[in-house]
Number of protein chains: 2
Amino acid sequence: MKKQLNIDSVDSDDLERIIQIANVPYRSKGERALWLQIYDRLAEACINGPLESGARLPGENHMAELFSVSRLTMRKALSKLQQEGQLQARKGVGIFVRQRRTRYVIDDDLRFSQSLEANASEIDTKTLELTRAPASREAIVALGMGAVSEVIRMVRLRIVEGEPIYLTSKEFPADRFPRFEEAFSPNQSVTDVYRAHGIPRYTREETRITGGFAHRHEADALGLTHRTPLMRVSSVNLDPEGRPIEFNFGRWPLSAVELVVNQRRS
Amino acid sequence: MKKQLNIDSVDSDDLERIIQIANVPYRSKGERALWLQIYDRLAEACINGPLESGARLPGENHMAELFSVSRLTMRKALSKLQQEGQLQARKGVGIFVRQRRTRYVIDDDLRFSQSLEANASEIDTKTLELTRAPASREAIVALGMGAVSEVIRMVRLRIVEGEPIYLTSKEFPADRFPRFEEAFSPNQSVTDVYRAHGIPRYTREETRITGGFAHRHEADALGLTHRTPLMRVSSVNLDPEGRPIEFNFGRWPLSAVELVVNQRRS
DNA sequence: CAGTGGTCTAGACCACATG
DNA sequence: ATGTGGTCTAGACCACTGG
């Protein structure tokens, strides 16, 4: 009964909590800048504190008044929280609490969903795109394909407890998987596709990890603010004969996950 | 003869270049925000363009005037460039170009310096700290040590072509390396230390990669702006018998490097 | 339509580093 | 003492979203 049915107003309990943390007196500015003190309090409230994921914050003008600062100062605190992925602002709508307190551990040896299932109770996958198209430049290099080769391109989004956590674009050589779509559709499982084409297991060749800042479509898909820092990982799967069968390109919010790469030799 | 001997003034050629890109007319604000257009131009100049690493930019007030915007708008563009690690501001001093255009590739199987040497011509290592101390919490877990075990703690900074790129803190179990310091000092080489203690080679057990935002001392050491996004990697080395001999914790600016994890089974 | 977040201005004070 | 970047204010206009 905490949340009201229409989202368009601030939960009164949450408002109480904001007022409470806003009324704490500030320490001296020389010690820590005003906007950083506000940031500290809000971050605390988002991570450990009483502000739940999905909660809506009061408007910027209102918040600035509550914290007794100018709107710009308020915005600076809020924008840092957005940059960290803890809040998400939607123009014309409002500001919402985004971050889960936990950091998800992903074991790179396993498939992503298996890794997450061990940690999270509720995980959802949306397939945003499944098409046949010419291979991207990256995939051509990674898969060792000809320049005009056709690939099956798949874009998926992993959503954990309501929060988009992982955006992945995969490309598969089309000639290896003539019956991709029909094998995929029953369980939305890539492993099923592999099996249906006589590939009982696969190995991971190499993983490349870089950091960067969210492009437009990445931010949109992950529900992040534009230009938020990201981790990007690209990898290649090989069939038992060592031929590349999948190029994977994944991104997640900088602070959302911990990638574990297991390097013990078998 | 491009750079003057005292750094405290802006290179006149660089000033010319800034003026040139500042005088390009703006597109409509609706299309792209003013501060983003300024950001675009400066980023272009830092990455592809004529602004060299180490170059000093004119002051914020001056730049704001050149670009015909308020100081706040100018600051917003500059601060995004700082966040990306392309610029570095020093209070009371000025703003300097920081980023190299290249992204350094680090092969996780090799030692860091070997990886870099293949890419960069000029690499320098500074040992910031080399002490014996009680193990950190992280190291106790990673190395499987007792709670009061002593470690040799080493903090090093890798500087590539004048830019700090990689900050690493290592901890070694003290009882395994009684003659650490004397074995290390000739070549500043950890491999030498291993050999001197009868460890001809080592293996990497596991690598954990997370993202985050620079703490105070991390930002200071890497010459970054406070709270700049970072990549952090922790790993454990094992001796041939499988006992942990080193806990490593490294950080680099988000966009500086590309980590390559090789997972081919031998 | 009203309210939201996004942008921008002009002006001010501060702490800091350098000469 | 000067100039630097860092912070903060008060006020304004815009584009977008929702009822």
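Only heavy atoms go into these numbers, but all of them, side chains included; no hydrogens, no water, no symmetry mates. Residue numbers start from 1 in every chain, and the chains themselves are labelled A, B, ... in the order their sequence lines are given, proteins ahead of strands.
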Contact list for DNA chain D against residues 19-28 of chain B - heavy-atom distance below 4.0 Å | none
Selection residues 218-232 of chain B - residue pairs positive for salt bridge (Lys or Arg N to Asp or Glu O under 4.0 Å), sequence neighbours left out = B:Arg216-B:Asp220, B:Glu218-B:Arg232, B:Glu218-B:Arg251
Interatomic distance, A:Leu87 CG vs C:dT4 C1' [rounded to whole Å] | 15 Å
Residues at least two apart in sequence or cross-chain that pass side chain to side chain contact (heavy atoms under 4.5 Å, CB included) with A:Glu138, listed by chain then number, are A:Ser136, A:Phe247
List in chain and number order the residues that pass side chain to side chain donor-acceptor pair (under 3.5 Å) with A:Thr228, two or more places apart in sequence or in another chain; answer none if no residue qualifies.
-> none
Could I get the full list of side chain to side chain donor-acceptor pair (under 3.5 Å) partners for A:Thr225, not counting sequence neighbours?
-> A:Gln82, A:Gln88
Ion pair check, B:Arg132 and B:Glu181, cut-off under 4.0 Å = yes
Could you run through nucleotides 5-10 of chain C and give me one letter per nucleotide, 5' to 3': B if any protein heavy atom sits under 4.0 Å from the base, S if only the sugar-phosphate is that close, - if neither?
-> BBBSB-
Sequence neighbours left out, what passes salt bridge (charged side-chain N to carboxylate O under 4.0 Å, His left out) with A:Lys80? Give chain and number order.
-> A:Glu84
Side chain to side chain donor-acceptor pair (under 3.5 Å) against A:Arg90, all qualifying residues, sequence neighbours excluded | none
Could I get the full list of side chain to side chain donor-acceptor pair (under 3.5 Å) partners for B:Glu60, not counting sequence neighbours?
-> B:Arg71, B:Arg75
